[in-house]
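Quick caveat: nothing in here was measured; it's all calculated off a predicted structure.
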Amino acid sequence: LLRCLALAVLVGATVAVPVRANKKPNLILILTDDQDKLLDSMKTMNKTQELLVSQGATFSNNFVNTPICCPSRTETMTGRYYHNVGAPTGSCMHVNAEENVFDPKRSIFARLQQAGYATGVFGKVTNDQTGYFCGKKRAEGMTTVSSPCDYNNFYSKQYFVKLANGSQTVEVLPDAPTTYQTAQIGNRSLAWIKDMAEENTPFFAYIGPHAPHYPATPAPWDETDYSSRQAPRTPNWNASGVGKHEMVAQNPPLDDNVAKYIDQHYRDRLRALVSVDDVVGQLFATLKEAGQLDNTYIFYTSDNGYHLGQFRLPTSKQQIYETDIHLPLYVRGPGIKSGVELDALVGNVDIAPTLLDLAGAQKDDMDGKSLMPHLVSGSEKSAHPWRTSFLVEYLSVGSYYSDHSQIWWPGPTWEGHNKAGPNSPTGAKTCKEGTGNCWFIDSTNSNSYRALRVINGTSNLLYAEFDSKWKFAETGLEFVELYDLNADPWQMDNLHNKTSAAVLHDLHEQVASYFSCSGSQCP
């Protein structure tokens with residue numbers, strides 16, 4: 001029973017179950033937290049592989065506009081880029097998450113509700129939800145809500161609950177293994193989906209498990225799985241950051257001590273994702289039993305990627321590299337070919353307009369584009385006019401160091417070192433950028449950037465400009481990185497100093513134009 005979780009993922013396979021004619025399709029978005037694409041996070045998710053990946057579409061070139069939680073989630077909920085959701089002066093990691101999540105003209109929840117959908121919200125939405133759910137009791141555009149107040153606690157006991165009749169409360173759970181957050185989110189979302197199916201009401205279910213975000217606490221029944229696994233030693237794992245922006249260039253080599261924390265965190269990430277995988281399996285079974293599988297589209301993705309020791313960066317996101325910006329995206333539903341891999345260059349801002357497109361709602365004011373032309377055609381090579389570059393934007397949220405492996409404390413794997421992961425090889429009490437004495441994860445001095453991820457018939461590039469002042473004048477850039485991912489997929493060789501001024505100027509002009517776009521003006 002404990003494993004019968006309920007997390008909504010992508011569905012919509014062709015199963016011989018009668019569906020009432022002319023009914024709008026149901027929509028499900030599963031948004032995991034910090035799930036990587038490149039470091040094997042999907043390899044242990046067998047149910048998701050079988051039911052979603054093998055029977056749906058995979059977008060192989062899916063990227064995030066901003067590789068950190070609150071901005072990415074706000075972009076996903078509104079179909080708008082970072083520079084159009086309050087950055088760089090907003091209150092939630094530099095964006096205005098609350099204002100956008102509840103804006104009736106911008107929020108995916110309100111707009112789907114206006115289109116005749118019941119909207120159910122389960123799990124983590126944005127990082128400031130403790131305040132707007134459990135403090136202010138805000139839930140505009142949301143028919144039903146059942147979300148943890150403290151989403152960072154995998155055994156959170158307080159849940160904000162809003163029912164369809166408008167009643168609101170903060171539910172307090174008893175002490176029990178069944179309070180495990182992913183199980184709670186799964187069971188709550190599946191029960192609601194069953195109710196909507198019985199009422200024959202078109203629904204949008206948003207399911208936001210916190211897994212595998214740090215501390216990636218696994219369910220008690222999974223806490224010993226994968227005990228021999230090691231974080232992938234990719235070619236850029238523990239590689240020198242020479243030629244990269246300062247915070248990366250100065251990081252010292254990873255030692256055996258910090259590597260143990262990285263590996264333990266990796267194992268817990270896999271364990272936490274087992275519960276998400278269980279939810280996917282239960283979701284499929286629930287939809288099939290309710291006769292809704294043929295009339296449901298399921299989207300599965302993450303808010304950002306993750307690194308685990310690449311370029312001597314211990315465990316986090318926020319960086320411009322592929323581990324952090326390249327995300328999984330799977331879609332399953334009516335009319336979508338099974339097992340197809342689509343090469344279109346897409347991003348998190350495209351999810352909201354796609355959902356609105358499926359709902360028959362207005363979407364043209366969004367920055368992102370509907371993915372339906374690619375999904376319906378099923379052609380691996382897009383025949384539709386489409387972008388060949390995607391914008392990435394990030395303003396540093398702070399200068400801090402290796403502290404994202406606080407796991408099993410003080411359990412048997414702790415070896416007398418640091419509770420939250422060592423911040424330096426020497427245990428330095430003071431970390432100063434440029435000295436090379438600490439493993440930096442982020443930096444207000446050198447990790448604010450805008451970038452273009454370019455994929456077309458001949459090029460596969462990343463061009464990034466760094467400016468802590470957020471001005472990006474061509475003659476005032478603090479640093480520039482350029483990678484040819486066809487020749488250098490692990491981004492080891494910065495080509496900036498080997499590239500002509502004319503090419504660099506052209507890339508600067510392209511990213512500058514993209515950086516100010518809005519609505520239909522955006523590529």
Side-chain angles (χ1 to χ4, degrees), residues 1 3-31 45-57 108-109 112-113 115-123 142-146 163-165 183-209 276-300 330-340 351 354-361 372 375-376 378:
L1 177 62
R3 298 188 69 95
C4 293
L5 320 178
L7 193 72
V9 185
L10 314 88
V11 333
T14 53
V15 178
V17 178
V19 177
R20 186 170 297 182
N22 300 321
K23 181 177 180 290
K24 289 186 175 184
N26 305 310
L27 307 171
I28 297 173
L29 170 61
I30 299 175
L31 184 65
M45 300 187 71
N46 297 327
K47 300 179 184 71
T48 306
Q49 292 279 1
E50 176 186 354
L51 300 174
L52 179 57
V53 180
S54 297
Q55 299 183 36
I108 188 67
F109 304 110
L112 285 171
Q113 196 176 65
Y117 279 74
T119 55
V121 177
F122 308 91
M142 303 173 183
T143 308
T144 298
V145 182
S146 193
L163 302 180
N165 63 10
Q184 284 287 330
I185 292 169
N187 289 327
R188 290 163 186 257
S189 60
L190 288 183
W192 182 77
I193 288 170
K194 288 180 182 178
D195 289 343
M196 293 302 99
E198 290 176 1
E199 296 175 11
N200 202 39
T201 300
F203 63 82
F204 168 58
Y206 168 81
I207 303 172
V276 178
D277 195 46
D278 286 343
V279 172
V280 173
Q282 289 296 319
L283 173 67
F284 183 92
T286 298
L287 290 166
K288 184 176 181 180
E289 181 181 357
Q292 294 296 322
L293 189 58
D294 274 347
N295 195 42
T296 303
Y297 288 91
I298 302 172
F299 292 69
Y300 184 104
Y330 311 108
V331 186
R332 188 173 188 271
I336 297 175
K337 291 183 180 179
S338 295
V340 66
I351 291 174
T354 305
L355 293 168
L356 291 178
D357 195 6
L358 286 164
M372 286 312 296
L375 290 167
V376 171

Should Leu375 and Tyr297 be marked as a side-chain contact (heavy atoms from CB on, under 4.5 Å) after you check the CA-CA gap, both sets of side-chain angles, and the distance that decides it? CA-CA 11 Å; Leu375 290 167; Tyr297 288 91; over 6 Å; no

As an exercise, state the distance from CD of Gln282 to CD of Glu289, rounded to the nearest 0.5 Å. 10.0 Å

So Met372 and Ile336, do their side chains get closer than 4.5 Å, heavy atoms only? no

Partners of Thr143 by side chain to side chain donor-acceptor pair (under 3.5 Å), sequence neighbours excluded? Gln113, Thr119

Would you check, one step at a time, whether the test side-chain contact (heavy atoms from CB on, under 4.5 Å) holds for Leu52 with Phe284? CA-CA 9 Å; Leu52 179 57; Phe284 183 92; over 6 Å; no

Smallest separation among heavy atoms of Trp192 and Ala205, with atom names: CZ3-CB, 3.9 Å

Which atom pair, heavy atoms only, marks the closest approach of Phe122 to Arg188? CE2-O, 3.6 Å

Nearest heavy-atom pair of Leu112 and Leu355: which atoms, and what distance? CD2-O, 4.1 Å

Of all heavy-atom pairs linking Gly281 and Lys47, the shortest is CA-CD, 3.9 Å

Which value, rounded to the nearest 0.5 Å, describes the distance between Leu27 atom CG and Leu356 atom CG? 9.0 Å

Which heavy atom in Pro209 sits nearest to a heavy atom in Ile185, and how many Å separate them? CA-CD1, 4.1 Å

Less than 4.5 Å apart, any side-chain heavy atom of Ile28 and any of Leu287? yes

Any non-hydrogen side-chain atom of Phe203 less than 4.5 Å from a side-chain atom of Thr144? no

CG of Asn46 to CG of Asp278: how many Å apart, nearest 0.5 Å? 10.5 Å

Under a 4.5 Å cut-off applied to non-hydrogen side-chain atoms, are Tyr206 and Ile108 in contact? no

Would you sort out whether Leu51 and Leu283 count as a side-chain contact (heavy atoms from CB on, under 4.5 Å), showing the intermediate values? CA-CA 10 Å; Leu51 300 174; Leu283 173 67; over 6 Å; no

Minimal heavy-atom distance between Ala115 and Ala361, with the atoms involved, is CB-CB, 4.0 Å

Mind checking side-chain contact (heavy atoms from CB on, under 4.5 Å) for Pro202 and listing every partner two or more places apart, or none if nothing turns up? Lys23, Lys24, Asn26, Tyr117

Among all residues two or more places apart in sequence or in another chain, which pass the side-chain contact (heavy atoms from CB on, under 4.5 Å) test with Glu50? none

Output yes when a side-chain donor or acceptor of Ser54 lies under 3.5 Å from a complementary backbone atom of Gln49, and no otherwise. yes

